[in-house]
2 protein chains.
Amino acid sequence: MVKLEEAIGSIETCSSTDELKHALQDIIEDFGFSSFNMLDAGNPHVDVPYYIGTTPENWVQTYISNGFVHVDPCVTRVRRSNAPFSWDEVEVPRYDGSGRKSGACKVMEAAHDHGFTEGFVVPFHYTDPLGRVFSSSSAFYWTDPVKKYRFLLSRKRYDLHLIMIYWAQRAIDIIAEQHRNRQGLLETQADPRTAVALTDRERDALSWAARGKTVADTADILFISQATVETHLRHAIAKLNASNKTHAVVKAIYLGLIDV
Amino acid sequence: MVKLEEAIGSIETCSSTDELKHALQDIIEDFGFSSFNMLDAGNPHVDVPYYIGTTPENWVQTYISNGFVHVDPCVTRVRRSNAPFSWDEVEVPRYDGSGRKSGACKVMEAAHDHGFTEGFVVPFHYTDPLGRVFSSSSAFYWTDPVKKYRFLLSRKRYDLHLIMIYWAQRAIDIIAEQHRNRQGLLETQADPRTAVALTDRERDALSWAARGKTVADTADILFISQATVETHLRHAIAKLNASNKTHAVVKAIYLGLIDV
DNA sequence: CTTAAACTCCCGATTTTTCGGGACTGGTGC
DNA sequence: GCACCAGTCCCGAAAAATCGGGAGTTTAAG
């Protein structure tokens, strides 16, 4: 069995994505997995995010052509957590027997149809030297009996987590280097930490908007005229570089400017 | 020596920040460190960021009253990297004997004056249940001879890294929970009975609304008519028991139904 | 005292959202 | 085949938000 230090060492000496791919494939085969992939999970709106891995081509094609990235419950979970998890820990809306299946349901069924009995997913949220934030979802695919998987995981969960962190880090570093001049391959999240200073009233107006109040409601609550509330909202939208009230509220929440 | 699994296990059973503090203190003392602290490094403009740890009170006071958080080279490095590092790996602008000392220089000297001979710093970039990105800086303080530190680090670097990740995560979860209870305005993860089930298209429509798109924009993006998008939005608003689009988007984000 | 910024209010025109209906198609399991 | 539901599309009217102006008051800092 691979030693942790050796595995990480072999990763850190890689200088191309191809080397990295093979290095990780060797490591995970040793653990019993059949293949892996890592994808850029930081941009929910992108149809085909950056991808690297060793999963079979027909699975990749299925995944892309069905737009699974938008409904994959694993990717969704990755965006809001930092701890690794198995597929069986993911809640998939149970199909209640009537009507159409949800997308999440289809993804998991499709994975099973491709022979994947289980999977181990590692989220990694990463900051690059420019301060840009990335989120990646790495998945190890299992094709053997699930029982063996459970046993392995109970013993090697942390090793896998750590290996994947160092691997993802190395991967992103290499990719960033290769595509320093090219845009759009690994898109960054929109400046999450640029300080925007809202005034008290702008924050008030946005907060009440976030709670579902109309301008008229808010005017009553704050005891000012509708015109004033509109002005505050307009200023807030401009400051946040948002395109409308809804957008501004979302941005303000993500920037920690308002609580709901 | 502590076993990794045991250490992480002891962390994951903690249910208060106080318990957590003592649990980690026990672990790191076993490694040979004297104390630790973790601080929120994600907001460079904040003078006194959230802090938790066991370092002596007079060090904390020195750190705060001198505004060290703005010049600490370790914190700066944490913001743009993901790998743990030792203090001696941090580049401090060498004092050339003339003019003023740089702030970074002062921080490191002050640490030394307080008896800290070395330190191990672990960056951790993570997302909260809303998908917002944060950064934390965790530091282990060493007061014994540096030689012993080097030996320890060469063998236990990865263990320390992993322990700190799980510790920081637990700390964040507990803090978030406390915050939620204090505010308690919006329900977060609902129990299965009241769980809202959006269809794929309803989620699409809401997601694009959250990104600032109008109904017309969304119709173009999803390649369907405006009427359909309106229908999806109306259904989503009704299901979420929201009063308008903005409210629905906020609720959906808090419930983990959409990603932005 | 001056200046800047926050806060307040108004107008009118346009765009967008909201609401309550109805109606057809196609996938799904029973 | 049937029932159910997701998904699609349409109508029309009312409500709300958006935009680009302008303009007065208060407050705190230089």
Side-chain angles (χ1 to χ4, degrees), chain A residues 66-67 70-71 92-110 113 195-251 257, chain B residues 196-252 257:
Chain A
N66 289 83
H70 297 302
V71 289
V92 181
R94 217 38 248 144
Y95 180 57
D96 64 353
S98 68
R100 284 193 199 171
K101 269 178 203 160
S102 71
C105 200
K106 283 186 192 162
V107 179
M108 300 316 280
E109 280 182 9
D113 291 345
V196 174
L198 294 181
T199 69
D200 291 346
R201 282 313 216 186
E202 284 159 2
R203 229 174 314 110
D204 286 341
L206 271 189
S207 296
W208 288 112
R211 292 167 194 147
K213 305 299 180 191
T214 65
V215 170
D217 294 336
T218 306
D220 286 344
I221 293 168
L222 297 179
F223 232 74
I224 53 181
S225 82
Q226 292 194 28
T228 309
V229 176
E230 277 169 19
T231 305
H232 290 319
L233 281 177
R234 236 183 305 156
H235 289 164
I237 291 169
K239 281 185 181 176
L240 288 161
N241 200 20
S243 46
N244 56 41
K245 198 174 70 173
T246 304
H247 198 195
V249 164
V250 171
K251 282 194 160 192
L257 301 173
Chain B
V196 177
L198 295 182
T199 70
D200 292 343
R201 281 312 215 188
E202 285 158 2
R203 228 176 314 112
D204 285 341
L206 271 190
S207 296
W208 287 111
R211 293 164 196 151
K213 305 299 179 192
T214 65
V215 169
D217 293 336
T218 306
D220 285 345
I221 293 167
L222 297 180
F223 235 75
I224 53 181
S225 81
Q226 293 194 28
T228 309
V229 176
E230 278 167 20
T231 305
H232 291 319
L233 281 177
R234 233 181 312 152
H235 289 163
I237 291 170
K239 281 184 181 177
L240 288 162
N241 200 18
S243 46
N244 57 40
K245 198 174 69 172
T246 303
H247 197 196
V249 163
V250 171
K251 282 194 159 193
L257 302 173

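All values reported here derive from a predicted model rather than from experimental measurement. Here is the naming used below: chain letters follow the sequence lines, and residue numbers restart at 1 for every chain.
The two atoms that bring B:Leu206 and B:Ala248 nearest to each other are CD2-CB, 4.0 Å, heavy atoms only. Taking all atoms of both residues into account, the shortest heavy-atom contact from B:Ala242 to B:His247 is CA-ND1, 3.6 Å.
Between B:Arg201 and D:dT8 there is a side-chain N or O to OP1 or OP2 distance below 4.0 Å. Residue B:Ser225 places at least one side-chain N or O under 4.0 Å from the OP1 or OP2 atom of D:dC9. Within the structure, a side-chain polar atom (N or O) of A:Lys101 is placed less than 4.0 Å from OP1 or OP2 of C:dG29. Remark: B:Thr199 is in phosphate contact with D:dG7, judged by side-chain N or O atoms under 4.0 Å from OP1 or OP2. Of the side-chain N and O atoms in B:His232, one or more sit less than 4.0 angstrom from OP1 or OP2 of D:dT8.
For a distance-only test at 3.5 Å, the side chain of B:Arg234 qualifies as a donor-acceptor partner of the base of C:dG20.
Between the CD atom of A:Glu109 and the C1' atom of C:dG29 there is a distance of 12 Å, given to the nearest Å. Put simply, NE2 on A:His235 is 13 Å from C1' on D:dT18, counting in whole angstrom units. One atom, CG of B:Asp200, and another, P of C:dG27, lie 15 Å apart when rounded to the nearest Å. Atom pair A:Ile224:CD1 and C:dA6:P shows a separation of 15 Å (rounding to whole Å applied). Straight-line distance from the NZ atom of B:Lys213 to the P atom of C:dT17: 13 Å, rounded to whole Å. D:dA17 atom P lies 10 Å from atom CD1 of A:Ile237, rounded to whole Å. The CZ-P distance, from A:Phe223 to C:dC9, rounds to 11 Å in whole Å. Across the protein-nucleic acid pair, B:Asp217 atom CG and C:dT15 atom P stand 14 Å apart, rounded to whole Å.
Side-chain N or O atoms of B:Lys245 include none that pairs as donor or acceptor with a backbone N or O of B:Leu233 at under 3.5 Å. Panel note: side chain B:Asp200, backbone A:Ser102; no donor-acceptor pair is recorded below 3.5 Å.
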field: Steps toward side chain to side chain donor-acceptor pair (under 3.5 Å) verdict (A:Ser207, A:Asp204)
entry: CA-CA 5 Å; A:Ser207 296; A:Asp204 286 341; 5.5 Å; no
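Nearest-nucleotide assignment on DNA chain C puts the 5′-proximal partner with A:Lys239, out of A:Lys239 and A:Lys106.
Out of D:dT8, D:dA6, C:dT16, the shortest distance to the side chain of B:Thr214 is found at C:dT16.
Nucleic acid contact class of B:Gln226 (heavy atoms, under 4.0 Å, all strands): none.
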